[in-house]
Amino acid sequence: MAETAYTLIEDATSLQQACREIGGHRLVAVDTETTSLDPYDGRVRLLQLSTTDGNYVIDLFQINALDSAGLRELLTSPAHIKVLHNAKFDLKMLLYHFGIEVGPIFDTFLASKLIAAGRPDLGHGLAAISARILNEYVDKSMQTSWWGGRLTEEQYRYAARDSEILLPLREQLTSQLVELGMVEVAKLEFDCVLPLSAMELAGMAIDTECWRRQTATVLRAHEIISSELKQQLAAGIEQLSLFGEPDINLDSPTQIIDTLGRMGIQVEGTRSWQLQPLAKDHPVIAKLLEYRTVQKALSSYGDSMLEHLNPKTGRLHPDFHQIGATGGRMSCSNPNLQQVPNTPEYRSCFRAPQGRKLVIADYSQIELRIIADWSEDTRLVKALMSGEDLHSVTASQMLGVPLGEVSKEQRAMAKQLNYGLIYGLGPQGLSARINVTIEEAEALIRTYFATYSGVAAWLKEAADRAITDRENRTRSGRLITFSFDPLDRAQVAGMERLGKNAPIQGSCADIIKRALILLHEALRPLDAQIVNCIHDEIVVEVAEAEADHCRSIVEREMMAAAREFIRSVPASVDIVIADAWLK
DNA sequence: GGCACCGGCCAC
DNA sequence: AAACGTGGCCGGTGCC
């Protein structure tokens, strides 16, 4: 390939000229180079634009190009599709620094992830997909160079190359998306980038004093419990440390197993489910379980959370991975705000700032509604439509007892079955969860599927498809592929469970992503931001005076999003206005 | 010293 | 020793 040619733009006249030339194109590749990965920390140095006619590199340190109406029009007009790689990064930068919402977009990163359909072995960086799809080499060595000073010819050329490659990539990726029937889901994903960018930029407020108090409390408990545990383990410890303390690392499973062994307690592993049955007979085991809880609380949810505070905003700005799981679910990191312990001690620290409220909304039983709708199981549909407590209705239908006479145990059993079926729960699993033998569990599962025979048929078909076709789809058409060794029974069984679970879980992701899109648009007139999203839950921060209005918008848009994917069962949204992240 | 892996455990 | 799916984070451990 020939060396990348580009036009460097540093003045208004050449910018105008470039905008005229680019304005005639429907497809415009866009990229930025910035002085930091954090929008609050860095500045945008270069804005690169490419069409099939040429590459333009705008030096934003030389010209305030985003003041230009022509350029803003290009970046926001539906007449031009903006092609970016991992657009969330650039969109955040442009949104924060210039208040501009870039769109509509085509994201080569997300397109590549969709096409990979859950295969984990493929990289999706720009260099990786250029090599794989175009057989073209892209040098990323300049990526981490300093973009804040005087730029070299090499840096400009690298920058131009990054946007130049995007249009040929889009062309190939588009035909693959068409071939795989994923145009619709691609649109969904692309439209979701802006809401996610805004969400990350907004970040979530945390009451640091509250968090520190909580951490200090746990630390005191940790000190007491660890010394008690060491004392109780002393009998099994051969050696004392120089200070006369039992010499053991409580966080080392191997040392724990050895020590317990010398005390006459044989264990294979020290996971809580393995220890739980022994806790009654051995106080030391109970103490160990207690220790684990505070150790986890301290290590995962202690000071490390506060290390992610943004110095500029004083808030937490996590990274959401838009296509994080194979089924299309999002994941989250740095910090992972999708795994904050669901207890008041922790959640109450996530408090809206003065004068603001949180609107907390989650879909109720969304995965069951997806199955009911998809399988057209009349009894499950009816159960969900009845407005009665679903698990009680299930128990009543299964056991033929009147709804009012369903016992607590019967309801608990039905609840386990309702939720477990999504994951391919077996007799062993069920018997471990409720107090029945494996034979009884088997019978209950048979009764369940006799009651909901449509669900049974749907699940069987989904599992069979995973094995024979080695693929499945969510409601949006998102493809999920399965790779396994057909001679390995354990692997086949695993794939059958995945085949049942992934389309359901992924369809839930379809719905919540659509909700984020609709909600971002609908909240535009309000002083409100989406601040978190946890699989079937959305958290919005809003000015106190607009909280009620916001609440009705959130409910309306979440319901509308669900209606696009499930028709025969209405969605149900539980929603509260609160000061902190508590329901 | 950095990296990959694992055991363990938090969320939905 | 595992049991029902998807993730991320932690500390320990062993390798290079």
Side-chain angles (χ1 to χ4, degrees), chain A residues 118 120 248-257 266-277 288-289 291-305 307-308 318-343 345-347 350 362-368 371 416-434 438 441-442 445 459 462-463 466 472 474 480 482 490 493-509 512 532-539 581:
Chain A
I248 180 174
N249 185 341
L250 299 176
D251 298 321
S252 164
T254 47
Q255 291 184 36
I256 291 284
I257 289 171
Q266 298 296 328
V267 287
E268 294 293 332
T270 66
R271 295 182 198 187
S272 56
W273 61 264
Q274 289 166 309
L275 297 178
Q276 211 62 255
L288 176 56
L289 287 167
Y291 171 79
R292 283 279 171 75
T293 306
V294 288
Q295 170 59 21
K296 174 70 178 174
L298 215 54
S299 63
S300 288
Y301 308 107
D303 295 333
S304 57
M305 183 64 78
E307 283 164 18
H308 288 102
D319 302 325
F320 284 90
H321 315 285
Q322 192 172 321
I323 302 178
T326 46
R329 245 200 200 182
M330 295 197 284
S331 65
C332 181
S333 62
N334 303 307
N336 184 353
L337 289 188
Q338 293 181 326
Q339 61 163 177
V340 177
N342 199 352
T343 59
E345 305 89 80
Y346 290 99
R347 293 280 171 106
F350 289 83
D362 71 306
Y363 286 113
S364 111
Q365 296 144 351
I366 188 67
E367 288 171 324
L368 282 170
I371 292 195
Q416 288 296 332
L417 280 166
N418 276 330
Y419 284 118
L421 78 91
I422 296 164
Y423 307 125
L425 180 74
Q428 280 198 312
L430 183 61
S431 79
R433 260 148 236 276
I434 60 178
I438 291 182
E442 242 164 27
I445 291 171
L459 287 170
N472 240 330
T474 69
I480 304 150
F482 306 96
M495 283 308 128
E496 285 175 338
R497 289 193 296 270
L498 199 54
K500 297 170 191 172
N501 175 260
I504 303 296
Q505 194 182 101
S507 297
C508 179
I512 201 91
N532 202 357
C533 175
I534 315 96
H535 310 308
D536 62 358
E537 173 181 347
I538 293 175
V539 184
W581 190 13

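Sequence lines set the chain letters: A, B, ... in the order given, protein chains first and strands last, and positions in each chain run from 1.
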Between [options], which nucleotide has the shortest distance from any of its atoms to the side chain of [X]?
X	options	result
Ser299(A)	dC10(C), dG12(C), dG7(C)	dC10(C)
Arg347(A)	dC9(B), dA1(C), dA11(B)	dA11(B)
Ser331(A)	dT6(C), dG12(C), dG8(C)	dG8(C)
Tyr423(A)	dC10(B), dG8(B), dG5(C)	dG5(C)
Ser333(A)	dG7(B), dC10(C), dC9(C)	dC9(C)

Using a heavy-atom cut-off of 4.0 Å across all strands, would you classify [X] as base, sugar-phosphate, or nothing?
X	result
Ile534(A)	sugar-phosphate
Arg329(A)	base
Gly426(A)	sugar-phosphate
Asp362(A)	nothing
Ser431(A)	nothing
Gln295(A)	sugar-phosphate
Thr254(A)	sugar-phosphate
Gln505(A)	base
Gln255(A)	sugar-phosphate
Cys508(A)	nothing

- Task: Tell me which of Glu268(A) and Cys332(A) sits closer to the 5' end of DNA chain C, going by the nucleotide each one is nearest to.
- Result: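 Closest to the 5' end, via its nearest nucleotide, is Glu268(A).
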
- Item | Nearest-nucleotide 5' precedence on DNA chain C, Tyr419(A) against Gly324(A) | Tyr419(A)

Take the protein atom [atom1] of [X] and the nucleotide atom [atom2] of [N], then report the distance between them rounded to whole Å.
X	N	atom1	atom2	value
Glu496(A)	dA3(C)	CD	P	14 Å
Tyr301(A)	dC9(C)	OH	P	10 Å
His535(A)	dG5(C)	NE2	P	16 Å
Arg292(A)	dC9(B)	CZ	P	5 Å
Leu288(A)	dG8(B)	CG	C1'	11 Å
Leu498(A)	dT6(C)	CG	P	5 Å
Met330(A)	dG5(C)	CE	P	23 Å
Leu298(A)	dC9(B)	CG	P	16 Å

With respect to the phosphate group of [N], does any side-chain polar atom (N or O) of [X] fall under 4.0 Å of OP1 or OP2?
X	N	result
Asn249(A)	dG12(C)	yes
Ser300(A)	dC10(B)	no
Asn342(A)	dC12(B)	yes
Ser304(A)	dC10(C)	yes

With side chains defined as the heavy atoms from C-beta onward, is the minimum distance between [X] and [Y] less than 4.5 Å?
X	Y	result
Leu421(A)	Leu368(A)	yes
Ser333(A)	His321(A)	yes
Leu425(A)	Lys500(A)	no

- Query: Any idea which heavy atoms bring Asn532(A) and Trp581(A) closest together, and the distance?
  - Reply: ND2-CH2, 3.4 Å

- For residues Thr326(A) and Ile480(A), report the shortest heavy-atom separation together with the two atoms involved.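 Closest heavy-atom pair between Thr326(A) and Ile480(A): O-CG1, 4.0 Å.
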
- Message: Given 3.5 Å as the limit, does a donor-acceptor pair link the side chain of Gln255(A) with the main chain of Ile248(A), or not?
- Response: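 Checking the backbone N and O of Ile248(A) against the side chain of Gln255(A), no donor-acceptor pair under 3.5 Å is found.
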
- Task: Check for a donor-acceptor pair, side chain of Asn501(A) on one end and backbone N or O of Tyr423(A) on the other, with a separation under 3.5 Å.
- Result: no

- Item | Nearest-Å distance once atom C1' is located in both dA3(C) and dC5(B) | 24 Å

